[in-house]
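Note sheet for the following structure.
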Amino acid sequence: MSEKHSSRTLVVECASEACSVALYEAGSLIANQHLVLGRGHAEKLVPLIAGLPDKGRADRILTSLGPGSFTGVRIGIATARALGIAWGSTVLGYPTLGQVAATCADQQGQQAVTVCMNGGHGEWFIQNFDDDLLPQDALQSVTPDLAISLCQHRRIAGSRANDLAQLLKGDCEAFDLLPDAAAAHWLPDSQLGTDLTPIYGREPDAKLPAARKAPV
């Protein structure tokens with residue numbers, strides 16, 4: 001979010017175990033909340049927003065699209081859409097792994113980084129980002145063994161950063177991080193979009209049954 005905006009921006013992040021919100025004005029962070037819940041995002045998200053100045057009202061709303069928790073992603077998008085309609089605000093989405101790269105930049109300085117997050121069913125989400133925090137490859141959900149070959153940087157961030165660093169058995173910097181809405185100012189503008197389709201990163205656990213053929 002490199003461009004400076006004169007209006008307020010609300011950021012909603014609840015695609016992972018963390019639930020966080022942040023309010024920016026003219027590109028500067030004025031308030032934020034960050035909780036590690038595991039579950040319960042539906043109950044906590046709206047009160048967190050209401051606890052911000054002016055109850056979080058903003059001209060723009062940014063929300064995480066995933067991948068991550070199927071439930072958390074849908075809650076975040078639905079809340080952002082509802083507030084956007086109520087306030088007449090522009091609603092934009094961003095990828096969760098890009099937010100993790102931004103969170104790492106916020107805490108450790110902007111450098112190229114491999115983001116590795118828990119993907120469920122024994123797999124990890126992995127994606128590489130360059131010095132400008134732009135994606136260098138497509139998001140993938142892979143087994144830990146395959147993640148080793150996909151890691152391009154010795155700097156690793158995310159909920160599985162320590163695990164991947166141990167598998168690499170080399171000189172790695174690992175940062176155990178969850179995405180934080182307060183780091184949204186590091187998100188490149190190219191990572192924001194009007195398409196609010198969730199990014200699941202893998203096939204859903206439940207599949208619709210195949211349609212039955214009509215009897216002849």
Side-chain angles (χ1 to χ4, degrees), residues 1-4 9 11-18 20 22 24 27 29 32 34 62-69 72-73 76 92-120 123-202:
M1 200 169 61
S2 57
E3 182 182 348
K4 298 300 182 183
T9 297
V11 187
V12 175
E13 173 58 65
C14 56
S16 71
E17 300 94 319
S20 62
Y24 284 85
L29 179 67
N32 69 289
H34 184 274
L62 310 184
T63 184
S64 180
L65 301 177
S69 161
V73 168
L92 303 173
Y94 61 84
T96 304
L97 269 67
Q99 179 70 313
V100 175
T103 302
C104 189
D106 191 50
Q107 296 186 15
Q108 306 294 332
Q110 187 169 339
Q111 298 180 44
V113 62
T114 296
V115 176
C116 188
M117 301 288 291
N118 183 46
E123 293 191 339
W124 298 345
F125 293 124
I126 188 168
Q127 192 170 20
N128 296 285
F129 294 83
D130 64 18
D131 289 335
D132 295 318
L133 304 184
L134 295 173
Q136 296 174 284
D137 51 13
L139 162 75
Q140 295 192 59
S141 178
V142 299
T143 62
D145 287 343
L146 185 54
I148 297 173
S149 63
L150 295 176
C151 181
Q152 296 184 17
H153 304 295
R154 311 309 291 179
R155 195 167 180 263
I156 308 169
S159 58
R160 288 292 184 176
N162 287 326
D163 297 315
L164 180 55
Q166 289 179 6
L167 290 176
L168 288 168
K169 299 178 181 179
D171 183 20
C172 297
E173 284 187 289
F175 303 98
D176 184 6
L177 296 174
L178 293 173
D180 190 343
H185 63 287
W186 286 101
L187 280 168
D189 287 341
S190 61
Q191 291 281 79
L192 308 177
T194 56
D195 184 358
L196 299 181
T197 303
I199 303 171
Y200 290 127
R202 59 181 173 84

Can you check whether N118's main-chain N or O pairs, donor with acceptor, with S159's side chain at less than 3.5 Å? yes
Determine whether a donor-acceptor pair (N or O, by modelled atom type, separation under 3.5 Å) exists between the side chain of T96 and the backbone of S64. no
Closest non-hydrogen contact found for A183 with D106 is CB-CB, 3.7 Å
Quick one: does S20's side chain have a donor or acceptor within less than 3.5 Å of a partner on D180's backbone? no
I need the L146 CG to E123 CD distance, nearest 0.5 Å. 9.0 Å
Can you tell me if T114 uses its side chain to pair, donor with acceptor, with the backbone of H153 under 3.5 Å? yes
Kindly say whether L150 contributes a backbone atom to a donor-acceptor pair with the side chain of N128 at under 3.5 angstrom? yes
The single option from D195, I199, T197 that satisfies side chain to side chain contact (heavy atoms under 4.5 Å, CB included) with L65 is I199
Start with the C-alpha gap between D145 and T143, add the side-chain angles, then the distance that decides, and say whether side chain to side chain donor-acceptor pair (under 3.5 Å) holds. CA-CA 5 Å; D145 287 343; T143 62; 5.5 Å; no
Are V11 and Y94 close enough, and set up right, to give a side-chain contact (heavy atoms from CB on, under 4.5 Å), and what steps lead you there? CA-CA 10 Å; V11 187; Y94 61 84; 3.9 Å; yes
How about L164 and C151: do any of their side-chain heavy atoms sit closer than 4.5 Å? yes
Hey, does the side chain of Q127 reach the backbone of F129 with a donor-acceptor pair shorter than 3.5 angstrom? no
L29 versus A22, closest heavy-atom pair with distance: CD1-CB, 3.8 Å
Between the OG atom in S149 and the CD1 atom in I126, the distance rounded to the nearest 0.5 Å is 8.0 Å
d(H185 NE2, T9 OG1) to nearest 0.5 Å is 13.0 Å
Taking all heavy atoms of A165 and all of C172, pick out the closest pair and write down the distance. CB-CB, 4.0 Å
Contact between Q108 and E173 at the side-chain level, heavy atoms closer than 4.5 Å - yes or no? no
Which atoms form the tightest heavy-atom contact between V73 and A15, and what is the distance? CG2-CB, 3.7 Å
Atom CG in L177, atom SG in C116: separation rounded to 0.5 Å? 12.5 Å
Do L178 and M117 have side chains that get closer than 4.5 Å, going by heavy atoms? yes
Could you give the distance from CG (N162) to CG (D176), rounded to the nearest 0.5 Å? 5.0 Å
Might you point out which heavy atoms bring Q191 and L133 nearest each other, and give the distance in Å? NE2-O, 4.4 Å
Is it true that a side-chain atom of N32 and a backbone atom of A182 form a donor plus acceptor pair closer than 3.5 Å? no
Are the side chains of D137 and Q152 in contact, using a 4.5 Å heavy-atom criterion? yes
Does any part of the side chain of L92, heavy atoms only, come nearer than 4.5 Å to the side chain of T194, both counted from C-beta? yes
Heavy-atom distance under 4.5 Å between the side chains of F175 and R155, does that happen here? yes
Work out which heavy atom in H34 is nearest to a heavy atom in A18; give both atom names and the distance. NE2-CB, 3.6 Å
Hey, could you give me the OG1/CG distance between T103 and L97, rounded to the nearest 0.5 Å? 10.5 Å
Donor-acceptor check, side chain of D131 to backbone of Q111, threshold 3.5 angstrom: yes or no? no
